[in-house]
Amino acid sequence: MPSIRNFSIIAHIDHGKSTLADRLIQYAGLVSDRQFRDQMLDTMDIERERGITIKSQSVTLPYRSTAGEDYELNLIDTPGHVDFSYEVSRALASCEGVLLLVDASQGVEAQTVANLYAAMEHDLTIIPVINKIDLPSADIELAKEQIETELGLNSDDALLCSAKEGIGIQELLEAIVERIPPPRGSSDLPLSALIFDAHYDAFRGTIVSCRIFDGTLRPGDVIRLMYNDATYKVEEIGLFRIVREPRKELVAGSVGYLIAGIKTIGDIRVGDTVTLDEHPAPSPLPGFKEVKPVVFSSIYPISSDEYQSLSDALEKYKLNDASLVYQKDSSAALGQGFRCGFLGLLHLEIVQERLEREFDQAIIMTVPSVLYDFTLKDGTTLMVDNPTYYPDVLEIERCFEPFIKASILIPERYMGAVMKLCMERRGAESKFHYPTPGRIEMTLEMPLAEVVFDFYDRLKTVTQGYGSFDYELSGYRESDLVKLDILVNGEKVDALSLIVHRLRAREWGVQVCDRLKEEIPRHQFKIAIQGAIGGKIISRSTISPFRKDVTAKCYGGDITRKRKLLEKQKKGKARMKVVGMVTIPQTAFVAVLKTKNE
Amino acid sequence: MSDSRQLPGLYVHVPFCLSKCPYCDFTSITAPELIPAWLGALEKECRLRSGTFGLFDSLYVGGGTPSILQDRHLDRLVTALHRYFQFEDRSEVTIEVNPDDVCENRLELLLKLGFNRISLGVQSMQESELHFLGRRHTAEQTLRLLDTVRSAGFDRMSLDLIYGFSADPAVPHRILWEKTLERVLRFEPDHLSCYMMTFEGDTPFKKLFSEGKLAPPPEEEGEGLFLFTSELLEEHGFLHYEISNFARSPDTVCRHNQKYWDHTPYLGLGPSAHSFRDGARWWNTRSVPHYCETLERGSLPVEGFENLTEEQLQLERLFLGLRTRRGVDESLLVQRPGASPVLLKLLASGIVERRGSRIAPTRKGFLLADGLPLLF
């Protein structure tokens with residue numbers, strides 16, 4: 001029986017996590033060079049295109065050490081984004097150690113720090129790895145210094161590698177078997193396995209990724225999901241070796257999959273404990289949390305007769321993404337749709353993109369909102385994630401909005417610009433820490449609403465790409481909120497309403513009016529756009545009519561060409577929403593909150 | 001509203017020019033040696049189409065440059081047309097003519113052949129602009145010809161003009177355009193086609209436009225030129241009856257072109273010519289050699305055909321109607337009269353106006369003709 005090691009690779013985005021995983025897979029000989037493609041573990045198009053990992057995947061790598069011992073190395077690939085931090089925490093809980101990747105030319109970044117803390121919380125063995133040493137801009141000494149000072153790790157322990165060039169891979173694998181402890185736990189105890197992710201397969205149903213802590217799992221076992229309190233009969237178990245490889249048993253310490261006729265991924269909760277129905281574990285594994293959405297937006301079909309089609313698409317989509325929540329919604333401007341909750345903005349973008357690409361839906365997404373908490377005069381509380389349901393101002397006693405603790409790591413020279421940006425976004429209680437000369441780590445409290453939109457983009461812009469950002473939710477705080485309504489030619493467009501802080505209302509009003517002026521094409525007539533609080537207009541912009549569009553001649557009887565052009569334009573227009581008489585493009589609803597990149 | 005009560009029109013495309021103008025997208029080649037073959041093929045096409053459309057009340061010989069045909073070729077062409085098709089007595093019979101191809105004798109011949117309307121490709125009365133447009137003729141030649149057209153006995157004369165471009169950055173085009181109009185108005189044409197320069201198809205101007213080396217006037221200037229043209233000509237008694245077309249009186253409206261815009265049947269002969277009848281449209285190959293070869297084999301040179309759905313016919317009625325002063329029937333725009341907020345808005349904005357049961361574009365509305373059909 002080979003010895004097992006369970007590990008994960010953690011890194012700031014773009015520090016080479018997927019490339020290193022690829023190299024390890026190749027080294028283990030799991031795929032032939034012919035079958036190999038980049039980002040082996042990122043199976044979704046969107047993951048490959050964006051170079052990000054959305055879902056956790058694991059792979060079991062066979063390895064014979066230089067000492068001649070055989071090992072099964074379980075690499076658990078984790079999502080690389082704060083939206084999926086709970087999934088990351090469950091993946092880390094399934095490991096005994098991590099490779100902490102640092103880009104030799106970029107050095108330690110905010111996510112590196114956040115990831116380190118996460119790994120430390122799980123008491124994991126940390127192997128610092130300096131990657132991309134082949135780059136001309138690599139500064140290994142500086143990276144080592146940062147590992148010492150910013151991460152507090154012994155830089156002598158750091159391994160050097162270039163995942164791209166395949167340098168240092170053998171040493172890395174040796175370090176994994178030498179430094180990361182083998183899993184503890186006993187195969188004879190009652191089964192206790194942690195679900196760290198699940199995938200949906202059209203033929204097999206839900207495929208559950210899990211780590212066995214104690215006990216043994218075999219096909220035919222009747223398992224109980226402890227949180228959900230549901231039982232299933234196991235059909236198949238096995239290891240992920242790029243393809244699923246069925247096994248007769250999974251013993252304590254293993255990482256693998258189970259298939260048990262679980263219809264939808266919604267029946268599974270990441271973090272839940274799998275045990276045997278007959279001999280249950282005395283208690284579930286620690287750390288289970290119900291994931292709650294933090295960002296909300298409504299999805300509407302562009303054409304109202306596509307509502308059923310959108311409804312079907314969401315249902316199918318949900319099979320593979322349990323973290324999306326949705327319910328019916330309706331808007332005076334946009335008709336019937338769905339209010340959806342997301343883990344964060346990246347999650348929102350992913351859902352939008354996949355609905356459009358994989359499910360061929362033409363949709364409009366409204367301005368994202370966070371979940372506000374209102375205490376009303378009658379003593380009741382009201383949670384509002386949709387400006388449409390903003391309570392009557394006369395009934396509101398107090399308002400609360402969610403805050404985050406942001407941590408931002410930047411080169412010192414951008415301090416001024418970043419402070420300005422954070423102050424604009426109502427950042428407060430900032431603390432500074434100088435991990436190494438020339439670098440600043442800022443931590444501050446900010447309203448979630450101010451970052452959900454384009455804060456990260458803006459940070460990247462003002463720091464020319466050098467700033468890195470991470471955050472965690474830190475609870476609700478009282479806030480002076482108002483509802484900003486947008487009127488297009490005098491008609492209120494409910495889907496454009498926003499809940500904003502009173503002091504920023506005017507600023508938002510001006511911005512939304514200006515953005516809409518850019519987003520809405522000129523019409524044959526003048527269009528007035530107004531921002532209003534209550535009945536009071538606080539901002540306005542005007543789209544002047546265009547005065548001439550006639551170009552194409554219609555002579556010589558070739559009417560067909562002209563008509564075809566019109567038919568094409570009509571089709572394009574069907575992808576826009578007509579509110580009143582004004583055609584509003586799909587992009588306008590989300591674009592209103594994006595500040596312009598000067 | 002399909003005006004099948006109207007008699008059909010016949011169009012003949014002469015796909016030859018002595019030189020290509022850099023803005024022109026119409027099918028034409030500079031290979032006069034192919035004229036006899038084309039003529040032979042055209043005769044065959046006439047024979048194959050003979051009797052299919054019944055009596056015509058308009059004939060339009062366009063191009064290309066029909067006036068580069070030699071006398072005997074013109075004679076042969078007209079003979080073939082009369083052999084295979086019937087024309088109503090008072091038909092409108094137009095030929096497009098280039099100012100440098102025609103002398104007094106030529107005009108007499110055209111009259112003798114039965115042409116009663118001449119369409120002159122004047123384009124501009126400014127030498128610098130004619131040069132820019134790649135025209136072969138001079139303003140001088142045009143003046144000389146204009147002097148003789150009336151005396152030769154043509155009582156119907158239409159002039160083609162182009163505006164909205166800049167041949168010389170030192171002189172505002174607006175001034176040159178005004179002069180061109182003034183000069184041609186002295187000859188009292190009974191019809192004017194004033195086309196705003198567009199960059200289309202596979203032309204040298206289109207290429208320059210794509211490369212950013214040539215641009216249409218800014219929107220406001222283009223608007224100004226258009227409105228100025230319309231106002232000036234209406235002050236001179238013309239009727240602005242279609243975006244680019246002006247008639248001295250309702251009687252001098254171009255009967256043939258009108259058929260394209262109101263779904264009256266028309267038969268097109270020659271390369272690239274389009275035909276329409278009973279909700280179907282078809283068009284000939286653009287290639288002159290291919291046109292000749294196909295007819296040589298005894299087949300029709302039809303390259304494309306479409307049967308229009310009722311929806312497509314409606315859309316065409318809408319956009320064609322909105323390009324003309326007659327406008328469209330209100331029922332085409334709204335199901336229930338008066339219930340369309342868009343229509344009310346357009347009426348209030350002075351883009352369209354109500355005339356009985358019809359909705360017609362105003363002068364300002366003509367400028368928006370491309371977008372208007374999309375609003376309904």
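Any value given below was found using the heavy atoms of this structure, including those in side chains, with hydrogens, waters and symmetry copies removed. Below, read A as the first sequence line, B as the second, and so on, with proteins coming before strands; counting in each chain starts at 1. All values derive from a computational prediction rather than experimental measurement.
Residue-environment remark: CD (A/Glu315) stays at or below the threshold of 12 foreign heavy atoms within 6.0 Å. Counting heavy atoms of neighbouring residues, nucleotides and ligands inside a 6.0 Å radius, atom CG of A/Asp305 exceeds 12 of them. Open room surrounds NZ on A/Lys492; 12 or fewer heavy atoms of other groups in view lie less than 6.0 Å from it. Atom CZ of A/Arg506 has 12 or fewer neighbouring heavy atoms from other residues, nucleotides or ligands inside a 6.0 Å radius. Residue-environment remark: CG (B/Asn307) exceeds the threshold of 12 foreign heavy atoms within 6.0 Å.
Interface remark: B/Ile351 contributes side-chain atoms only to the contact with chain A (heavy atom separation under 4.5 Å). Using a 4.5 Å cut-off between heavy atoms, B/Phe366 contacts chain A through its backbone alone, with no side-chain atom that close. For B/Gln312, the parts sitting under 4.5 Å from any heavy atom of chain A are the backbone and the side chain alike. If you measure heavy-atom distances from B/Leu372 to chain A, the contacts under 4.5 Å come from both the backbone and the side chain. Interface residue B/Leu315: only side-chain heavy atoms are found under 4.5 Å from chain A. If you measure heavy-atom distances from B/Leu346 to chain A, the contacts under 4.5 Å come from the side chain alone.
Counting heavy-atom pairs closer than 4.5 Å to chain A, the top residue among B/Gly304, B/Gly222, B/Gly164, B/Gly62 is B/Gly222. For the set A/Lys526, A/Glu567, A/His523, the count of heavy-atom pairs under 4.5 angstrom toward chain B peaks at A/Glu567. For the set B/Lys364, B/Glu223, B/Met197, the entry with the most heavy-atom pairs within less than 4.5 Å of chain A is B/Glu223.
Within the model, atoms CD of B/Glu306 and OG1 of A/Thr560 stand 4.0 Å from one another, a figure rounded to the nearest 0.5 Å. Of the inter-residue distances, the one linking A/Phe525 atom CZ with B/Leu368 atom CG reads 11.0 Å to the nearest 0.5 angstrom.
At a threshold of 4.0 Å, the pair B/Asp370-A/Lys562 counts as salt-bridged, since one of the basic side-chain nitrogens sits closer than that to a carboxylate oxygen. Classification of B/Glu311 and A/Lys570 as a salt-bridged pair fails, no side-chain N sitting under 4.0 Å from a carboxylate O. B/Glu200 and A/Arg561 are not joined by a salt bridge, as no carboxylate oxygen comes within less than 4.0 angstrom of a charged side-chain nitrogen.
Using modelled atom types and a 3.5 Å distance limit, the side chains of A/Gln524 and B/Ser349 yield no donor-acceptor pair.
No side-chain heavy atom of B/Glu221 sits less than 4.5 Å from a side-chain heavy atom of A/Lys548. Counting heavy atoms from C-beta outward, A/Asn489 and B/Lys345 have side chains that approach closer than 4.5 Å. Contact annotation: the side chain of B/Phe276 never approaches that of A/Ile559 to less than 4.5 Å [non-hydrogen atoms, C-beta and beyond].
The closest donor-acceptor contact from the side chain of B/Glu219 to the backbone of A/Arg547 lies under 3.5 Å.
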Which is it for B/Leu374 and A/Leu566 under the side-chain contact (heavy atoms from CB on, under 4.5 Å) test, yes or no, and what are the steps along the way?
CA-CA 7 Å; B/Leu374 295 169; A/Leu566 274 175; 4.1 Å; yes

